[in-house]
Amino acid sequence: MRIYKATDYHDMSRKAANIISAQIIMKSNCVLGLATGSTPIGIYQQLIDWYKKGDLNFDKVKTVNLDEYKGLSADNKQSYHYFMKQNLFEHINIKMDNTYLPNGMEEDSEVECTRFNNIIDLLGGIDLQLLGLGLNGHIGFNEPSEFYEKGTHCVALTQSTIDANSPLFGDGEVIPKSAYTMGIKSIMLAKKILLVVNGKNKADILKEALTGPITPMVPASILQIHNDLTIVADEEALSKIDDSLIVNG
Ligand code: GLP
């Protein structure tokens, strides 16, 4: 694993966007695994800037997202479909037919999970998977559990995740209690993984994920055994990690 320290959120976003843009430049028809949440917003803004300057072309890029709330339609403002359109897809020249997310409106979990697993297979796997880190160590919506779920599955969200995501929901909006998420096997099969983390409140869980025991109780800890993992995190998130473990520490 390679850990890069960023001075702040802006620097983290620029460094991480650089890795994604290199992937697109080196393989114009690459498959990007994308994430939502507050962490990647700056990365998407940076990618949009470079696209607008003519430095990036998304014409052949395909994307597959980690997760989606169950019960939210694509035009619901809280859905990850909507998030991706607003924060990235609408501002670049990606073909919407080349973007894939789980369908939150499919009630039959088995049907949706099979459909989504097939999509990942048909795309030939993921070249570069972008990940954020949940406060309890979740990646995508793979919550702490007794065992790792391999493929796409429907998950009951933990209270900590519901609480962490609730500020994004307005008054009177119902926060979904379950979601579809890519499984650990699909994530781990990505050729490259880029984990981005910022903020003081993630320092403990980042340390646990990167240097603690590998356990499904800290889902992100499995990333330690991926053979092409890059972490870009700000100083606050890395405050509990020894500088000797950091490439530019
Ligand atoms: C959410 C998402 C994850 C995301 C994580 C962290 O619940 N399902 O994909 O990485 O929580 O979110 P944030 O970046 O807002 O801290």
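Because only heavy atoms are used, hydrogens play no part in the values below, and waters and symmetry mates are left out as well, while side chains stay in. Indexing begins at 1, ligand by ligand and atom by atom, following the structure's order.
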Just list the N/O pairs, ligand 1 to protein, that are under 3.5 Å apart, with the distance for each.
from	atom 1	to	atom 2	distance (Å)
ligand 1	7 (O)	H138	NE2	3.3
ligand 1	7 (O)	N165	ND2	3.0
ligand 1	8 (N)	D67	OD2	2.9
ligand 1	8 (N)	G140	O	3.3
ligand 1	11 (O)	H138	NE2	3.0
ligand 1	14 (O)	S38	N	3.3
ligand 1	14 (O)	T39	N	3.0
ligand 1	14 (O)	T39	OG1	2.4
ligand 1	15 (O)	S38	N	2.8
ligand 1	15 (O)	S38	OG	2.8
ligand 1	16 (O)	K202	NZ	2.8

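Among residue pairs with one or both ends in residues 25-43, those qualifying as side chain to side chain donor-acceptor pair (under 3.5 Å) are K27-D127; sequence neighbours excluded.
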Q: Might you work through the side chain to side chain donor-acceptor pair (under 3.5 Å) test for E143 and T161, ending with a clear yes or no?
A: CA-CA 9 Å; E143 296 278 38; T161 300; 2.7 Å; yes
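Side chain of N248 to main chain of Y4: no donor-acceptor pair is present (N/O by atom type, distance under 3.5 Å, no hydrogens or angles). Without hydrogens or angle criteria, E149 side chain to G183 main chain gives no donor-acceptor distance under 3.5 Å.
No side-chain N or O of K85 forms a donor-acceptor pair with one of T99 less than 3.5 Å apart.
Ring-plane geometry between F141 and Y69 is classed as tilted, the angle between the planes lying from 30 to 60 degrees on a 0 to 90 degree scale.
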